[in-house]
Amino acid sequence: MPKDTGIGAATTRREDVRFLTGRGQYTDDIQTQSECAAVFARSTVANGKIKSIDTSAAAAMPGVLAIFTGDDFAEVGGNPAGWLINSRDGTPMHEPKRPVLAHGKVRHVGDAYAAVIAETVAQARDAVEAIEADIEELPAIVDMKGALASDNYVHDEIGTNQCFDWGWIEDNRAATDEAIKNAHHVTTELVNNRLVPNAMEPRCSIGHYNPGTDEYTLHTTSQNPHLTRLLISAFVMGIPENKLTVIAPDVGGGFGSKIYHYGEEALVLAAAKKLGRTVKWTADRTEAFLTAAHGRDHVTKIELALAAEGNFLAFRTETMANVGAYLSNFSTATPTFLHGTLMAGNYTVPLVYVNVKAVFTNTAPVDAYRGAGRPEATVSLERVIDKAARELGMDPIELRRKNFVKPDQYPFASAAGLEYDSGNYDALMDQMEKVADKAGFEARRKDSEAKGLLRGFGVNAYIEACGIAPSNLVGVLGSRVGLYDAATVRVNATGNLSVMVGAHSHGQGHETVFPQVVAEMLGIEAESIDIVHGDTSKIPFGMGTYGSRSLAVCGSAVVRATEKIINKAKKIAAHMLEASDEDITLKDGVFSVAGTDKSVSFGEVA
Amino acid sequence: MTKVTMTVNGKSVSGDVEGRTLLSSFLREDLRLTGTHIGCDTSQCGACVVHVNGEAVKACTMFAVEADGAEVGTIEGQANADGSLNVIQQAFQDHHGLQCGFCTPGMVMSAAALLKDNPKPTEGEVREYLEGNICRCTGYHNIVKAIMAASGQDVTAIAAE
């Protein structure tokens, strides 16, 4: 086995060489002869009625090629939510249209209402300043509690600012209420603040259209190029999937914000077709702050009921989750199934009930960001547990240990609806106490005190659901896409391999680690294996990279595909060696007939 | 339009630029040296650091006309003559000092400027010098480690991860 290159080998990353020498190719690095530039006119108010947009002066500016407004996209579809959530009363969530360009109203600062295409970025910027938009500023709906009580709506047509009112697990509601009422309980209220993902590389999209073949190509900063193609094709623009190629080349970090489809991607494609030119838009940092989907923004009240000796009896949570002005693609999954299902934490608590109200506000859309719902769950649980420990005068570590799922309880059905297959939380806590030198803490605290300083000791247990799948389960829960992944392993005639993967690397090092998986299975050097990713014309399908899914889901597809290669290669080797394929073994890249000295190498079989 | 001439990575280049053209745009769009990245347009992030007459400069904060006649170095000119990674680049690879790679050119250029003036910096000096270079993936530890290693110092005691 090539231990210097297979699974577990400490190898350097092969993608580093191009990044370290300035030879990476990020979307904005792509430059073509016919390229022109798109710049967006964005709302400076959080809520406003678009009374008129006069583009005549802007259209006469030097270099201006075209100007688009919301009217140009009134007939095409909206950017949809990828996950249907039903409210407690069984009604589906509200899904107001998210247009390519704002139409009728602007709903958050940064909401784009027009786009100028010009020969250069500077000319397009100048022309954007010459657009005369008469936008009547309306009172902004920002605070979630206020939004739920208000008759001022972000989307007038739905007549409420509540997207949904979700309960998990609804059948546990009455029993949880009863448990909280009848036992000692502790209450904590938390604000899990909104944040901006801020990948180092701002978003960028380049649209290209070939009138000779009626084919579109979109280069874009995406963690998930197949999803982007699917959404543009099936929902927004109606471009047939077979006529649209989406390429996400080197991507400078995502942190969730580049999972989703954005209106700018549709705009550059529409403009490319209209003008017969390649149209590029690159966000500046201000646009990155205003428009890349934000994260978190929960306000939570959590209650923990305990028996006298500290056993947890029930957790009850009421959360308001800010989805912003429009539903971004996974915005409805994040505060619900990615959050509620983790609300039993690492504990044997018998009852969990989670209520989540998703609220529209005049703020930037919020979606999955690093951990996506799971950190929100953990911080709620662990904060209320700490408060309970203080109120009961118990050691916070002992209180957690008392309630941990024990190693002999697996598989364990959590009260929040997940089955945990294995775990040993006490062993982790033992290790933590050792590594953090808990025994020495009191001495360190006294040292600090002598210097007039305070020193604290905090602990936290955490359980994470990674690699969100399988498709049949997420489908039952409301996902509108299957969350599987795909891989193709192609053996080239000279014996090296190209592996096409649906996962997308934007810092994760897939080009280094996926070859290690294949090398380990085939017993050949990883250097002879290359990964192809990020191009819908080269890869069968894929659901991209997020939620720690690349190795768990796409890696499994790579393993399955490699197994097929091995099976086929064994048949060929058997033929070459005039043996039965059941007698062929593969070791260190060599096929042999068991019990003989007859063998043939992987390269010869190829 | 103004004609500018400068030496970039040892080669004399010239071009016609508007007064408002930034050095970063001139390098990326006119010279097609796209290793110099633009992450913020406001001199915060450091992804566009280049060398101008031997000094580290954020290329988005300088007009191309200001670099007329200057010696400019970019990430594309950093590798050894045979194309292999230079000491700093190699240390970044060896110590996993990059992930998505977007900030990396600026990090390498800043590190080179630091080590030119201060060949054996302390860990604290490296961290302070990198104040103007933002990385979103790595958490900086391995970048600091790489720069210390590139300076020939023992890095085993520097925080891991």
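Both backbone and side-chain heavy atoms feed into the values below; hydrogens, waters and symmetry mates do not. Every value quoted in this text rests on a predicted model; they were computed, and no experiment measured them. A note on names: the letters A, B, ... follow the listed sequences, proteins ahead of strands, and every chain is numbered from 1.
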If you draw a 6.0 Å radius around [atom1] in [X], do more than 12 non-hydrogen atoms from other residues or ligands fall strictly inside?
{"X": "A:Arg444", "atom1": "CZ", "answer": "yes"}
{"X": "A:Gln31", "atom1": "CD", "answer": "yes"}
{"X": "B:Glu55", "atom1": "CD", "answer": "no"}

Using every non-hydrogen atom in the two residues, find where A:Pro202 and B:Gly39 come nearest and quote the distance to one decimal.
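Nearest heavy atoms, A:Pro202 then B:Gly39: CG-O, 3.8 Å.
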
For [X], is it the side chain, the backbone, both or neither that has a heavy atom under 4.5 Å from a heavy atom of chain B?
{"X": "A:Val121", "result": "neither"}
{"X": "A:Ala283", "result": "neither"}
{"X": "A:Arg18", "result": "neither"}
{"X": "A:Asp250", "result": "neither"}

Identify which part of [X] has an atom lying under 4.5 Å from any heavy atom of chain A, answering side chain, backbone, both or neither.
{"X": "B:Leu85", "answer": "side chain"}
{"X": "B:Gln78", "answer": "neither"}
{"X": "B:His95", "answer": "neither"}

Is a side-chain N or O of B:Arg136 found less than 3.5 angstrom from the main chain of A:Pro197, in a donor-acceptor match?
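Side chain of B:Arg136 to backbone of A:Pro197: a pair is present.
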
Proximal to chain A - members of residues 104-112 of chain B, heavy-atom separation under 4.5 Å
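Residues in range: B:Thr104, B:Pro105, B:Val108.
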
Using only non-hydrogen atoms and a strict under-4.5 angstrom cutoff, which residues of residues 8-38 of chain B touch chain A?
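Contacts with chain A: B:Arg20, B:Arg28, B:Glu29, B:Arg32, B:Thr34, B:Gly35, B:His37, B:Ile38.
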
Between chain B and each of A:Asp16, A:Thr21, A:Val17, A:Leu20, count heavy-atom pairs under 4.5 Å; write down the option with the most.
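Result: the option with the highest number of such pairs is A:Leu20.
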
Under 4.5 Å, counting heavy-atom pairs only, tell me which of A:Glu15, A:Arg23, A:Gln508 racks up the most with chain B.
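Sorted descending by pairs with chain B, the first entry is A:Arg23.
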
Nearest 0.5 Å please: distance from the [atom1] atom of [X] over to the [atom2] atom of [Y].
{"X": "A:Arg13", "Y": "B:Asp94", "atom1": "CZ", "atom2": "CG", "answer": "13.0 Å"}
{"X": "B:Phe102", "Y": "A:Asp28", "atom1": "CZ", "atom2": "CG", "answer": "7.5 Å"}
{"X": "A:Asn198", "Y": "B:Cys45", "atom1": "CG", "atom2": "SG", "answer": "10.0 Å"}

With side chain to side chain contact (heavy atoms under 4.5 Å, CB included) as the test, would you mind laying out the steps for A:Met200 and B:Ile134 before giving the verdict?
CA-CA 8 Å; A:Met200 289 305 294; B:Ile134 299 174; 3.8 Å; yes

How far apart are the C-alpha atoms of B:Gln99 and A:His506, what are their side-chain angles, what is the distance that settles it, and do they pass the side chain to side chain contact (heavy atoms under 4.5 Å, CB included) test?
CA-CA 8 Å; B:Gln99 289 180 34; A:His506 38 281; over 6 Å; no

Could you go step by step and tell me if A:Phe19 and B:Cys100 meet the side chain to side chain contact (heavy atoms under 4.5 Å, CB included) rule?
CA-CA 8 Å; A:Phe19 295 151; B:Cys100 82; over 6 Å; no

